[in-house]
There are 2 protein chains.
Amino acid sequence: MLALVDFDGWKLDQLKAVSPQLRLVLRSRIIQNDLRPMTRLSEPELAKEYGVSRQPVREAFITLMNEGLLEVRPQRGTFVRRIDFEAVLNARFVREAVEADIVRKLATTGDSDLVKDLRTQLELQKNVPEGSPERFIELDERFHMTLARAAGVAKVWDNLEVIKSQMDRVRFITFEEFPISKLIDQHEKIVDFIEQMAVSRAEDAMRSHLREILNSLPRVQELYPDYFENSRDISSEI
Amino acid sequence: MLALVDFDGWKLDQLKAVSPQLRLVLRSRIIQNDLRPMTRLSEPELAKEYGVSRQPVREAFITLMNEGLLEVRPQRGTFVRRIDFEAVLNARFVREAVEADIVRKLATTGDSDLVKDLRTQLELQKNVPEGSPERFIELDERFHMTLARAAGVAKVWDNLEVIKSQMDRVRFITFEEFPISKLIDQHEKIVDFIEQMAVSRAEDAMRSHLREILNSLPRVQELYPDYFENSRDISSEI
DNA sequence: AGTTGTTGACTTGTATGGAAGTAGGCATGT
DNA sequence: ACATGCCTACTTCCATACAAGTCAACAACT
């Protein structure tokens, strides 16, 4: 799973290599919208802040640039990229395709241990306090990752992390927008259909679940227009 | 598309930044099996070879490590990673899921211009001389990319590059193994079904097309056992 | 007033030296 | 013969210095 670290009051571990640590922290800060789109980042400034030299900071920048989270403009500066609207839609497309196949596989085999595990997770999801969507997002991640692992494609989840991060940024910006109880109901349906080995119904349930983000996107775009680039009409996606 | 550059006799462009150029060249050399698994790479050696300092080489290493093509062992050395068998299978799974949905979308709408374009490409594929599989792989890339673009998810192809590179390494190792004419026939069927707007048959055709690599994998593993890690039985995938 | 040119403080890109850790050869001691 | 410890030559990682490009403020000129 994407290790979203708690960056607040975070400190470097002297024993481990510096550069990968910075990478994780900065990525977490960007995805969780602590570093907002178009924010200017400076190599020497961050180096000073974390008490290291420019080089490890720079190496973290390069990685994050490759992941589409930073934009490095030579001799000008480094900036947090705005959210690429098209990338979000494409990421969603990939996720739907992959997870639909995952669910199909699971509903075909029918794994009672898995269903038991998922039902336990559903209870945890229902117990999430009203005002802490962060906790729900964490449990949601775990739910979908469990499905991937059960289908024998655990590494798929790792591979999709870069793609998923685009969607996650949207989720963290629009915390309040998410209809948690609705999402839990959808999770529950998916589990039900897996248990009943109703293959195509399970697949459909997953697909419409992953289309949920499309409902919030127009509103997000309206609220924070300058957070996005490549904006376009998404009616064709629905 | 993945810019596989012609690394033979390649030279640096003095105007552009060095590090991204090195990244492309080294990636091409690894995927095309010019740099073989477990080959040791040395920062100072490559720096000397290309007439630059160690730093840009190092930055290229970091990117390639993130893509799963290199393994950097601190204070020990940097090595070309063996091909992760599980990663190949998972990459194939993702590709099948995504391209199945792409084809479904295309067969639903029915785009005559697209079909025309694809038929032209099929002719090019048929004209590939017997002994040059490299040329066919290039055309194959183009074929699948055309489908993605037509479905309005062009960026998906970019996003899957890292995943796809795992499969591509296998393809370049097993050049001769690929039954080109068989693959072209499969391409043709896909185009036919898109034209006829036979949705589920088009989807099935794409799925079995992308399962083709599973047939060659056991043989590849047998021929080059030390090129792979995480080897496992793939019978469950078929 | 408006335009142009220069200067200087920024930025990222590259080069280079040293710190810390690893691995293997080799002499020494048992 | 064999185990132990040192020494040397490597590796990656980090720090620092310099090179080259950008941008804005400002002086000088038309």
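Because the structure is a prediction, the values reported are computed rather than measured. Only this structure's heavy atoms are used, side chains among them; waters, hydrogens and symmetry mates stay out. The sequence lines fix the lettering, A, B, ..., with proteins before strands; numbering per chain opens at 1.
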Point to revise | Nearest-nucleotide 5' precedence on DNA chain D, B:Pro74 against A:Pro56 | key: B:Pro74
Under-4.0 Å side-chain N/O to phosphate OP1/OP2 contact, [X] with [N]:
X       : N      : value
A:Arg76 : D:dC23 : yes
A:Arg54 : D:dC14 : no
A:Thr78 : C:dT12 : yes
A:Ser53 : D:dC14 : no

Check your understanding: Are the side chains of B:Asp101 and A:Val94 in touch, meaning some heavy atoms are under 4.5 Å apart?
Key ->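 A side-chain contact under 4.5 Å is absent here.
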**Study point:** Side chain proximity check, A:Val57 to A:Leu22, heavy atoms < 4.5 angstrom
**Key:** yes
Exercise for review: Measure distances between side-chain N and O atoms of B:Gln75 and base N and O atoms of D:dT12, and say whether any donor-acceptor pair falls under 3.5 Å.
Suggested key: yes
[X] [atom1] - [N] [atom2] separation (whole Å):
X       : N      : atom1 : atom2 : answer
B:Glu59 : C:dT12 : CD    : C1'   : 10 Å
B:Arg73 : C:dT22 : CZ    : P     : 13 Å
A:Ile62 : D:dC13 : CD1   : P     : 13 Å
B:Gln21 : C:dG13 : CD    : P     : 13 Å
B:Gln55 : D:dC13 : CD    : C1'   : 9 Å
A:Leu64 : C:dT12 : CG    : P     : 14 Å
A:Phe79 : C:dC10 : CZ    : P     : 15 Å

Check your understanding: For the side chain of A:Val52, counting heavy atoms from C-beta on, which of C:dT14, C:dT12, D:dA15 is nearest?
Key ->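 So the side chain of A:Val52 is nearest to D:dA15.
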Check your understanding: Between B:Arg81 and B:Glu71, does a salt bridge (Lys or Arg N to Asp or Glu O under 4.0 Å) hold up when you go through it step by step?
Key -> CA-CA 6 Å; B:Arg81 272 194 66 171; B:Glu71 181 176 3; 5.1 Å; no
**Study point:** Neighbours of DNA chain C within residues 40-48 of chain A, by heavy-atom distance under 4.0 Å
**Key:** A:Arg40, A:Leu41, A:Ser42, A:Glu43, A:Pro44
Review point. In Å, rounded to the nearest 0.5 Å, how long is the span from CD of B:Gln221 to OG1 of B:Thr174?
Key: 12.5 Å
Exercise for review: Any chance you could measure B:Glu138, atom CD, to B:Leu124, atom CG, to the nearest 0.5 Å?
Suggested key: 10.5 Å
Practice item. Report, as yes or no, whether the 6.0 Å neighbourhood of atom CZ on A:Arg82 holds more than 12 heavy atoms from other residues, nucleotides or ligands. Key: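 Yes, the 6.0 Å shell around CZ holds more than 12 heavy atoms from other groups.
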Check your understanding: If we ignore angles and hydrogens, is there a donor and acceptor under 3.5 Å between the side chains of B:Thr146 and B:Gln121?
Key ->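 Yes, because at least one side-chain N or O of B:Thr146 sits under 3.5 Å from a partner of the opposite role on B:Gln121.
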